Amino acid sequence: MKKIVIIGASSGLGERIATDFARAGWRVGVAARRLDRLNNLKQLYPENIAVEQIDVTAQDAVKRFYDLIELIDGMDILLYAAGTGFYDPDIEDLKLTTTLNTNVTGFARITAAAYKYFKATANRTAGQIAVITSVAGTKGIGVSAAYSASKKFQQTFINALEQLAYQQQVNVKFTDIRPGFIRTPLLDESKNYPLLMSIDYAAPLIEKAVLRKRRVATIDSRWAIVTGLWRLVPQRVWKHIALEW
């Protein structure tokens, strides 16, 4: 039985993807801060889902992550789906630190722990670290500066881990999943987002990218075109573009 650990599975994409993998017969370890939501998920597939309460910003996050791996007797794939972000044109200190603590420090500690796990165990069969980053990581967005910078950090971090894996001969694959706007609790419902996708539409695309071990997957093709175009925009021009997302 294949095994996947999903960090950030109590709502949104993580919850939907965990349900889909459990339904397909995978052994699924789910983690998030909200234990009640995780337990509700486990009730759907009690034989296939194991639960661990993990706050990625807490000191014991790595220990709890390893405990969850033990609960499902191993791990083939880590899917890191946890994250937070804000529309924050005033660059409020609380929003900034919350974003960076979750998306940078918490992310790096869990992902590094997964790398070390695969370094110790993934010999014949490759392990996989898949991370839901964002198209925001491809360009600095002023009204969400901390969020877009944190997503760029995530993309750079797994690029660096991939290089390290080659140097250390660690049998692990990396998948960088870059969605555009998806209607999840993370979005401000009062705003109109361009090219907005539903979870029902986006989740199968993400699952396919994970299972095919895509190195970089932009979700969806429309956003691949958008990000391809705005990479060509020089900073001297980009700074004049007002994005009010």
Side-chain angles (χ1 to χ4, degrees), residues 2-9 12-30 74-83 103 107-108 110-112 114-115 117-119 121-122 124-139 148 150-182 184 186 195-232:
K2 298 286 282 184
K3 300 156 188 172
I4 184 171
V5 171
I6 301 176
I7 306 294
L13 283 170
E15 181 180 35
R16 165 60 189 271
I17 293 169
T19 302
D20 289 346
F21 273 93
R23 185 187 300 116
W26 284 57
R27 189 83 168 107
V28 183
V30 295
M75 177 177 69
D76 298 300
I77 301 173
L78 165 68
L79 175 62
Y80 192 94
N103 296 359
F107 156 81
I110 294 296
T111 308
Y115 176 84
Y117 171 82
F118 288 129
K119 184 178 180 180
T121 62
R124 295 182 181 178
T125 304
Q128 184 180 4
I129 296 174
V131 180
I132 298 180
T133 66
S134 172
V135 297
T138 63
K139 207 74 173 177
S148 56
S150 71
K151 292 301 178 177
K152 182 64 174 179
F153 173 90
Q154 292 180 352
Q155 293 165 5
T156 303
F157 193 77
I158 61 174
N159 287 348
L161 285 182
E162 184 177 42
Q163 184 186 68
L164 186 63
Y166 179 80
Q167 294 169 354
Q168 298 182 341
Q169 298 185 337
V170 177
N171 195 11
V172 60
K173 304 292 185 182
F174 295 87
T175 298
D176 178 357
I177 300 163
R178 303 176 179 180
F181 293 116
I182 299 174
T184 67
L186 188 63
L195 306 180
L196 185 64
M197 298 172 282
S198 68
I199 290 176
D200 288 341
Y201 171 77
L205 296 177
I206 293 171
E207 292 160 11
K208 184 182 296 184
V210 172
L211 292 173
R212 291 183 176 179
K213 294 182 168 61
R214 291 274 303 278
R215 180 57 185 84
V216 176
T218 302
I219 310 297
D220 61 359
S221 59
R222 299 168 301 168
W223 278 104
I225 294 170
V226 170
T227 56
L229 290 173
W230 74 22
R231 283 196 190 94
L232 302 176

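Side-chain atoms are counted along with the backbone in the values below, which use heavy atoms only and exclude waters and symmetry mates. One is the number of the first residue; the rest follow in order along the sequence. As the structure is a computational prediction, the values presented were derived from the model and not from experiment.
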From [X] atom [atom1] to [Y] atom [atom2], the distance as rounded to the nearest 0.5 Å:
X    : Y    : atom1 : atom2 : result
I182 : R16  : CD1   : CZ    : 11.0 Å
L161 : I129 : CG    : CD1   : 6.0 Å
I110 : L78  : CD1   : CG    : 8.0 Å
N159 : Q154 : CG    : CD    : 12.0 Å
I6   : T19  : CD1   : OG1   : 8.5 Å
N171 : T125 : CG    : OG1   : 7.5 Å

Give me the atom names and distance for the closest heavy-atom approach of [X] to [Y].
X    : Y    : answer
A9   : A18  : CB-CB, 4.4 Å
N103 : K151 : ND2-CE, 4.2 Å
F153 : A108 : CE2-CB, 4.1 Å
A203 : I17  : CB-CG1, 4.2 Å
G8   : A81  : O-CB, 4.0 Å
V210 : A130 : CG2-CB, 4.1 Å

Is [X] reaching over with its side chain to a backbone N or O of [Y], donor-acceptor style, under 3.5 angstrom?
X    : Y    : result
E162 : V172 : no
Y117 : G127 : no
D76  : K3   : yes
T133 : I177 : yes
K139 : W230 : yes
W223 : L195 : yes

Once the angle between the rings of Y115 and F174 is folded into 0 to 90°, is it parallel (under 30°), tilted (30 to 60°) or perpendicular (over 60°)?
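Ring orientation of Y115 relative to F174: parallel.
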Given P179, which partner from the list V135, T218, I132 fulfils the side chain to side chain contact (heavy atoms under 4.5 Å, CB included) test?
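Option passing the side chain to side chain contact (heavy atoms under 4.5 Å, CB included) with P179: I132.
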Qualifying residue, where the test is side chain to side chain contact (heavy atoms under 4.5 Å, CB included) with I77 and the options are Q128, K173, K213
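It is Q128, the one option of Q128, K173, K213 that forms the side chain to side chain contact (heavy atoms under 4.5 Å, CB included) with I77.
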Between L79 and F21, is a side-chain contact (heavy atoms from CB on, under 4.5 Å) present by the stated rule, with each step listed?
CA-CA 12 Å; L79 175 62; F21 273 93; 5.6 Å; no
Do F107 and I158 pass the side-chain contact (heavy atoms from CB on, under 4.5 Å) test, and can you show the C-alpha distance, the side-chain angles, and the key distance before you say yes or no?
CA-CA 11 Å; F107 156 81; I158 61 174; 4.1 Å; yes
For side-chain contact (heavy atoms from CB on, under 4.5 Å), just list the numbers for R178 and T227, CA-CA rounded to whole Å, side-chain angles, deciding distance to a tenth of an Å, and then say yes or no.
CA-CA 10 Å; R178 303 176 179 180; T227 56; over 6 Å; no
